[in-house]
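In what follows, a structure is listed as structure tokens, so that the remarks can point back to it.
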There are 2 protein chains.
Amino acid sequence: MKLKDPDKIKAIHAATLQLVSEVGLAGLNMNAIGKKAGIGMGTLYVYFKSKEELINALYRELKLKHTSLIYHTVDMSLPYKLNMQLLVENYMKNRFKYFQEHLFIEQSVLSHFLDSTSLQLEVDAYAGIYALLKEGQRQLLVKDFPVEILAAQMVGGANEIVADAIRKNKKLSSNSIQYAFEMCWDSIQR
Amino acid sequence: MKLKDPDKIKAIHAATLQLVSEVGLAGLNMNAIGKKAGIGMGTLYVYFKSKEELINALYRELKLKHTSLIYHTVDMSLPYKLNMQLLVENYMKNRFKYFQEHLFIEQSVLSHFLDSTSLQLEVDAYAGIYALLKEGQRQLLVKDFPVEILAAQMVGGANEIVADAIRKNKKLSSNSIQYAFEMCWDSIQR
DNA sequence: TTTATTATGGAATAATTATTCTGTTATATT
DNA sequence: AATATAACAGAATAATTATTCCATAATAAA
């Protein structure tokens, strides 16, 4: 017999991400994925039994990967503000480096493709930042606002700054990251 | 002869907005629009000669409307900070009240449907906030960062706070708006 | 009131796109 | 080495969806 080729899955994923960044999720179709990935339709359907399953599988892989990556720098033995700074820097660099993946995630969430298990990952991703903000409030460093609002301000601001750089074909300079953290910190600090 | 019925256009627009909020732009189709709007396909194609044109027309109408609405409260004779507060409050209330319309705008921008004229409106919408931030810098009230970064922080934070309320089926309380402006101001003030 | 013109609904068709099918090829297992 | 099993390509088909067509109804203009 013959075994599935892990490289094919990677090729399918890569083709899907590139197509979505070119024509949007609304313009995505299976033929184009097969062609761009360099594989036949039969093969495509060996790996994913439907378009919906392909999108869910890719979404879950990416969402779990980035939820994990984002918190990699967090180290509770560090001073709180430094911890936050590393988090924001890491978060922004990740959004910039993997912007195609984040674009796919965002469009998937707004589509009718995702099932409830996939959507739950979106909620879970916030647990870490909520906990970190609560710790900041405990240390009297962070404003006494609902953590959902504090987190939304942080995430929204950082996302938009990265998105602006990408829209304008600029690189994400270390200055921009510094400015972003300064604004972020000023906005949440007590 | 017979004249086009303006109510039909409204019905088509409303049906489109509702469908996009239900199934995403990727799930939108002309049959569903006709059915939800209560009109036949022939009629639909009298008003819009293609799906692409329908999306562009609706996008342009909404983008122009909201770009204008957002700056309605601005009054340069007011103190700078108050002006900013009114802007942010107005901006957030608008995003909340017309969230379906903003959802449609966001998904359209990421799709392959919009032509360059439509996309230009996206760029134009930032002129007002950039000008306002420059004035704040002139008065030494606002941080000396690039206005694109300051604006991105303001817009991104406000958008995400509203989006969070909508995702969680909460209302946009006046407290939330107050918190949002306090964070916004702290983030940009010198 | 008559007429010409355009809107209207919905069925028919065209176009696109998801999925399946078939023959073939590669390769684990014996 | 032989065999069985599953991957593979791409053509064929099914399903969906955009668009057109046509018969009819409404109404502005004469």
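Chain letters run A, B, ... following the sequence lines, proteins first and then strands; every chain starts at 1.
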Response to the item:
To the nearest 0.5 Å, atom CG of B:Asn83 lies from atom CG of B:Leu78 at 5.5 Å
Worksheet entry | Along DNA chain D (nearest heavy atom to each residue), the more 5'-positioned of A:Asn31 and B:Asn29 |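 Residue closer to the 5' terminus by nearest nucleotide: A:Asn31.
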Item to complete: Strictly below 4.0 Å, heavy-atom distances to any atom of DNA chain D: list the hits from residues 41-56 of chain A, or just say none.
Response: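 A:Met41, A:Gly42, A:Thr43, A:Val46, A:Tyr47 - these, ordered by number, are the residues of the stretch whose heavy atoms sit under 4.0 Å from the strand.
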Worksheet item: Going by number, which of residues 12-25 of chain A have a non-hydrogen atom under 4.0 Å from DNA chain D?
Response: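 Listed by number, there are none.
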Practice prompt. Among residues two or more places apart or on two chains, list those pairs meeting ring-ring contact (aromatic ring centres under 6.0 Å, His included) that have a residue in residues 147-176 of chain B.
Written response: none
Discussion item. Going by ring pair (Phe, Tyr, Trp, His ring centres under 6.0 Å), name the residues that satisfy it together with B:Phe99, two or more places apart in sequence or in a different chain.
Written reply: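 So B:Phe99 forms no ring pair (Phe, Tyr, Trp, His ring centres under 6.0 Å) with any residue.
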Worksheet entry | B:Phe96: partners by ring pair (Phe, Tyr, Trp, His ring centres under 6.0 Å), with sequence neighbours left out | none
Discussion item. Tell me whether the NZ or CZ atom of A:Lys65 lies within the 45° cone about the ring axis of A:Tyr98 and under 6.0 Å from its centre.
Written reply: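 That pair qualifies as a cation-pi contact.
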Worksheet item: Within 45° of the ring axis of A:Tyr47 and under 6.0 Å from its six-membered ring centre, is that where the NZ or CZ of A:Lys8 lies?
Response: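 No, A:Lys8 and A:Tyr47 do not form such a contact.
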Item to complete: Check the pair B:Arg60, B:Asp115 against salt bridge (Lys or Arg N to Asp or Glu O under 4.0 Å), reporting the backbone distance first and the verdict last.
Response: CA-CA 10 Å; B:Arg60 289 182 196 187; B:Asp115 59 35; 2.7 Å; yes
Establish, from distance only, whether the side-chain atoms of [X] and [Y] form a donor-acceptor pair under 3.5 Å.
X        : Y        : answer
B:Asn159 : B:His102 : no
A:Asn175 : A:Ser173 : no
A:Gln178 : A:Glu182 : no

Discussion item. What's the angle between the local helix axes at either end of the helix from C:dT1-D:dA30 to C:dT30-D:dA1, using five pairs per end and rounding to 10 degrees?
Written reply: 20°
Fill in: Outermost nucleotides of DNA chain C that come under 4.0 Å of a non-hydrogen atom of chain B
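Under 4.0 Å from chain B, the extent on DNA chain C is C:dA4 to C:dA11.
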Please produce a list of atom pairs where a protein N or O lies less than 3.5 Å from an N or O of nucleotides 27-30 of chain D.
from   : atom 1 : to     : atom 2 : distance (Å)
D:dT27 : O4'    : B:Met1 : O      : 3.1
D:dT27 : O2     : B:Met1 : N      : 2.5
D:dT27 : O2     : B:Met1 : O      : 2.5
D:dA28 : O4'    : B:Met1 : O      : 3.4
D:dA28 : N3     : B:Met1 : N      : 3.1

Discussion item. The criterion is salt bridge (charged side-chain N to carboxylate O under 4.0 Å, His left out); which residues satisfy it with B:Glu52, sequence neighbours excluded?
Written reply: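 Testing B:Glu52 for salt bridge (charged side-chain N to carboxylate O under 4.0 Å, His left out), a comparison that skips the adjacent residues, returns none.
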Item to complete: Any pair with a residue in residues 125-151 of chain A that passes side chain to side chain donor-acceptor pair (under 3.5 Å), sequence neighbours left out, goes on the list, sorted by first then second residue, please.
Response: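 Every side chain to side chain donor-acceptor pair (under 3.5 Å) pair that includes a residue of residues 125-151 of chain A, provided the two are not neighbours, is A:Tyr126-B:Glu160, A:Tyr130-B:Lys168, A:Glu135-A:Arg138, A:Glu135-A:Gln139, A:Lys143-B:Asp186.
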Worksheet entry | Listed once per pair and sorted, the side chain to side chain donor-acceptor pair (under 3.5 Å) pairs that draw on residues 11-25 of chain A, sequence neighbours left out |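 Those involving residues 11-25 of chain A are A:Gln18-A:Glu22, A:Ser21-A:Gln100, A:Glu22-A:Lys36.
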Practice prompt. Determine the contact category for B:Leu28: base if any of its heavy atoms lies under 4.0 Å from a base atom, sugar-phosphate if only primed atoms, P, OP1 or OP2 are that close, otherwise nothing.
Written response: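 Sugar-phosphate only.
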Worksheet item: Who else is in the cluster with A:Leu3 when I, L, V, M, F, W and Y are joined by side-chain contacts under 4.5 Å?
Response: none
